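Beneath this line is the structure, given in structure tokens, with notes to follow.
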Amino acid sequence: MPENLSQAERESMEFDLVIVGGGPAGLAAAIRAKQRAAERGQEVSVCVLEKAGEVGAHILSGAVMDPIALNELMPDWKAQGAPLHTPVTEDQFMFLSETGARSVPHWMLPGCFKNEGNYVVSLSDVVKWLGAQAEALGVEIYPGFAAAEVLFDASGERVVGVATGDMGLDRSGNPGPHYQRGMALLGRTTLFAEGARGHLGKQLIAKYGLDRNADPQSYGIGLKELWEVPAEKSKPGRVVHTAGWPLSSDTYGGSFLYHLQGNRVAVGFVVGLNYKNPWLSPFEEFQRYKTHPAIRAELEGGRRIGYGARAITAGGLNSLPELTFPGGALIGCDAGFLNASRIKGSHAAIKSGMLAADAAVDALAEGSEQIDLQAYPEAFKNSWLHDELHRARNFKPAMAKGLWVGTALVGIDQVLFQGKAPFTLHTQKPDHAYLEPAAQHSPIVYPKPDGKLTFDRLSSVFLSGTNHEEDQPCHLTLRDEARPVAINLATYAGPEARYCPAGVYEYLDGAGNPVSSPAEGASLRINGQNCVHCKTCDIKDPTQNIVWVTPQGGEGPVYTGM
């Protein structure tokens with residue numbers, strides 16, 4: 001940003017509690033803070049900033065939801081009309097070969113794969129409902145305002161709030177005709193609930209060294225489609241998970257297929273971002289998975305009505321950073337509370353938000369202008385959430401050893417020891433460090449999409465409703481503009497073009513033709529308007545040269561029913 005803009009005065013608003021992110025964690029924290037304040041006869045002002053144009057529009061998840069935390073937050077959620085309409089009626093887990101499928105008997109499944117008492121939901125719908133509950137309690141929610149900068153006190157050590165991004169900048173970062181300076185939202189404490197690989201949360205973890213005693217965080221990319229299927233194929237409450245084909249046995253990943261009400265089926269695929277082969281494309285693996293006879297049978301005759309992609313945190317308890325810092329805390333997937341063994345994070349996000357809100361309201365009641373939230377990590381250690389994540393702590397490190405060895409280790413850990421094994425497995429390095437040079441692997445030839453069951457990226461992005469104004473600074477930034485061609489293309493065959501699920505990255509030669517090796521005039525084209533905000537590039541780029549920053553507020557995907 002030009003120097004004269006970075007020093008221009010911002011308007012400001014002050015709150016007791018500022019929350020960055022209107023997802024399950026942020027809204028649960030807002031609701032809990034208002035509930036606790038009302039119980040004590042205390043006035044607590046709460047603000048939630050949400051980068052999507054409306055609450056829920058950037059929310060993407062499978063999702064099978066455990067209502068344990070919602071029961072605590074709002075025991076009367078059924079009477080209040082929460083959109084948990086489809087209880088799980090059937091659980092199935094299959095190991096896939098190219099043409100075959102072998103189901104695991106229900107009695108052999110570890111507890112983490114059993115879903116009795118849970119609900120198949122659209123998490124975006126659940127979050128919209130949570131937003132309405134928060135507003136009814138007096139929470140101020142500002143959708144369409146992306147928190148772009150952490151604000152510190154004069155010492156530079158204490159967080160005092162956040163600033164929203166400037167609006168109306170042109171591609172060069174200069175003010176256009178509709179320029180508006182961002183606003184400062186100042187809080188006595190600030191909670192960061194941006195989701196996996198949060199733009200500001202990542203900066204705070206680095207600044208305060210919050211991960212110094214944790215394993216490197218581990219991620220997966222989750223891709224999802226929403227289908228409308230013929231009525232005779234609809235089985236509301238049916239839950240299917242698979243492992244195996246089309247991924248090789250040394251690549252972590254699997255699928256989900258969930259039947260909702262209204263003849264809808266959510267189908268998705270998760271690939272661990274610690275994969276080694278730079279020729280692998282998670283998007284194409286997802287499309288190929290749908291051609292398996294067991295999956296094709298669930299979808300044929302239907303039509304695809306939604307698409308999206310999102311990185312998920314998978315490191316669990318071992319990778320949790322310290323949760324607090326001067327002036328604030330991390331909650332939800334900004335910290336990494338998702339339980340990868342259960343493929344569930346919404347209940348953990350809600351619980352973490354509640355615990356942080358409890359600590360905040362208690363601290364605010366003491367009357368100090370500057371409050372800290374040390375009671376939050378202590379409460380977490382004494383909660384059912386800590387117990388759940390402790391029992392699941394070995395899952396992702398075990399599965400990183402390959403499908404068959406990992407499955408055996410998980411069976412020993414979860415079935416024999418019930419998650420209380422006398423050992424803890426650890427992740428040794430971040431996901432980007434696992435990628436190997438392209439010369440060490442054979443290219444993968446993926447089938448062309450048929451437009452009925454399998455699709456290309458651009459038609460998929462269209463279904464996500466993604467939109468970005470083109471005349472603005474690109475939110476996909478490069479630390480070094482020479483590095484993509486000199487290293488990523490030369491050594492890794494340009495993996496950005498494959499790991500991005502939205503067609504954002506293209507390597508082109510001087511004539512504009514796609515290339516996967518150095519060629520005359522080769523360059524990296526960034527089609528930022530396609531970005532679905534999954535953050536995969538920020539995670540998997542082998543030299544950590546790509547940095548995802550917030551675009552203008554209100555832009556990105558518009559997920560409905562996802």
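Throughout, residue positions are numbered sequentially from 1 according to the sequence presented. This is a predicted model, so every value here is computed, not measured.
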Using the six-membered ring wherever Trp is involved, compare the ring planes of F269 and Y289 and label them parallel, tilted or perpendicular (cut-offs 30° and 60°).
tilted
I'd like to check S352 versus L355 (side-chain heavy atoms, cut-off strictly below 4.5 Å). Are they in contact?
no
Where does the angle between the aromatic ring planes of W384 and H347 fall among parallel (under 30°), tilted (30 to 60°) and perpendicular (over 60°)?
parallel
L17 side, atom CG; K34 side, atom NZ - distance, nearest 0.5 Å
9.5 Å
Tested for side chain to side chain contact (heavy atoms under 4.5 Å, CB included) against L257, the lone hit among V239, V240, T242 is V240
Check D372 with R188, please: is the shortest side-chain N to carboxylate O separation under 4.0 Å?
no
Who pairs with W548 by ring pair (Phe, Tyr, Trp, His ring centres under 6.0 Å), at least two apart in sequence or on another chain?
H475, H533
Can you pull the side-chain hydrogen bond (donor to acceptor under 3.5 Å, both in side chains) pairs that have at least one residue in residues 306-321, sequence neighbours excluded?
none
State plainly whether the residues K401 and D250 are in salt-bridge range, i.e. N to O under 4.0 Å.
no
Evaluate T324 against Y376 for side-chain contact (heavy atoms from CB on, under 4.5 Å), listing each step before the verdict.
CA-CA 8 Å; T324 63; Y376 163 42; 3.9 Å; yes
Between the CG atom in L403 and the OG atom in S248, the distance rounded to the nearest 0.5 Å is 9.5 Å
Sorted by chain and number, sequence neighbours left out, salt bridge (charged side-chain N to carboxylate O under 4.0 Å, His left out) with E54 holds for K128
Can you run down the salt bridge (charged side-chain N to carboxylate O under 4.0 Å, His left out) pairs that involve residues 147-157, sequence neighbours left out, and say none if there aren't any?
R10-E149, E157-K207
Count the heavy atoms belonging to other residues, nucleotides or ligands that lie under 6.0 Å from CD of E14, then report whether that count exceeds 12.
no
Do Q80 and W129 touch side chain to side chain, with heavy atoms closer than 4.5 Å?
yes
Check the side chains of N277 and E436 for a donor-acceptor pair under 3.5 angstrom, ignoring hydrogens and angles.
no
Side chains of V504 and C537: closer than 4.5 Å at any heavy-atom pair?
no
Could you state the interatomic distance from CG (L435) to CG (N274), rounded to the nearest 0.5 Å?
10.5 Å
Results of salt bridge (charged side-chain N to carboxylate O under 4.0 Å, His left out) for E135 - residues two or more places apart only:
none
Does a side chain donor of either D91 or N115 reach within less than 3.5 Å of an acceptor in the other side chain?
yes
Any donor-acceptor N or O pair under 3.5 Å, side chains Q217, D211:
no
What do the steps show when you test I312 against C333 for side-chain contact (heavy atoms from CB on, under 4.5 Å), and what is the final call?
CA-CA 8 Å; I312 59 175; C333 285; over 6 Å; no
Under 4.5 Å between any side-chain heavy atoms of K114 and V88, yes or no?
no
Lys/Arg N to Asp/Glu carboxylate O, D413 vs K420, below 4.0 Å
no
Under the salt bridge (charged side-chain N to carboxylate O under 4.0 Å, His left out) test, which residues partner E555, sequence neighbours left out?
none
Using the ring centroid of each side chain, check whether Y275 and Y499 are separated by less than 6.0 Å.
no
Pair L84, M65 - check side-chain contact (heavy atoms from CB on, under 4.5 Å), show working.
CA-CA 8 Å; L84 281 72; M65 185 174 181; 4.2 Å; yes
Quick one: pull up CD1 in I546 and CG in N488 and give me the separation to the nearest 0.5 Å.
7.0 Å
Report the relative orientation of the aromatic rings in F113 and F93; use parallel for angles under 30°, tilted for 30 to 60°, perpendicular for over 60°.
tilted
Side chain to side chain donor-acceptor pair (under 3.5 Å) with N339: which of K344, R393, E388, R391?
E388
Please report the C-alpha distance between V159 and L151 in whole Å, then the side-chain angles of each, then the deciding distance to 0.1 Å, and finally whether the side-chain contact (heavy atoms from CB on, under 4.5 Å) criterion is met.
CA-CA 6 Å; V159 173; L151 300 179; over 6 Å; no
When you look at E496 and K540, which way does the salt bridge (charged side-chain N to carboxylate O under 4.0 Å, His left out) test go after all the steps?
CA-CA 8 Å; E496 301 94 325; K540 190 59 178 174; over 6 Å; no
Y252: which residues meet the side-chain hydrogen bond (donor to acceptor under 3.5 Å, both in side chains) condition with it, sequence neighbours left out?
none
So, H241 versus F256, ring centres under 6.0 angstrom or not?
no
Taken in chain and number order and not counting sequence neighbours, the residues that satisfy ring pair (Phe, Tyr, Trp, His ring centres under 6.0 Å) with F145 are none
When you compare the side chain of V410 with that of S341, does any pair of heavy atoms fall below 4.5 Å?
no
Salt-bridge test for K429 and D215: reply yes if a basic N is under 4.0 Å from a carboxylate O, no otherwise.
no
All ring pair (Phe, Tyr, Trp, His ring centres under 6.0 Å) counterparts of F15, not counting sequence neighbours:
none
Could you tell me whether D538 and K202 have a side-chain N and a carboxylate O separated by less than 4.0 Å?
yes
Carboxylate-amine/guanidinium contact K51 E194, below 4.0 Å:
no
Side chains of E322 and P377: closer than 4.5 Å at any heavy-atom pair?
no
Can you check side chain to side chain donor-acceptor pair (under 3.5 Å) on Y119 and T86, steps first, answer last?
CA-CA 5 Å; Y119 293 80; T86 311; over 6 Å; no
Calculate, to the nearest 0.5 Å, the distance between atoms NE2 and CG belonging to H390 and D387 respectively.
8.5 Å
Which residues pass the side-chain hydrogen bond (donor to acceptor under 3.5 Å, both in side chains) test with T190, not counting sequence neighbours?
none
Contacts of type side-chain hydrogen bond (donor to acceptor under 3.5 Å, both in side chains), residue S45, not counting sequence neighbours:
D16
Got a donor-acceptor contact below 3.5 angstrom from the D541 side chain to the N545 backbone?
yes
Throw together a table of side-chain donor-acceptor distances under 3.5 angstrom for residues 24-32, partners on residues two or more places apart or in other chains.
unit_1, atom_1, unit_2, atom_2, d
R32, NE, D358, OD1, 2.8
R32, NH2, D358, OD2, 3.2

Using 0.5 Å steps for rounding, measure from the OG1 atom of T466 to the OH atom of Y559.
5.5 Å
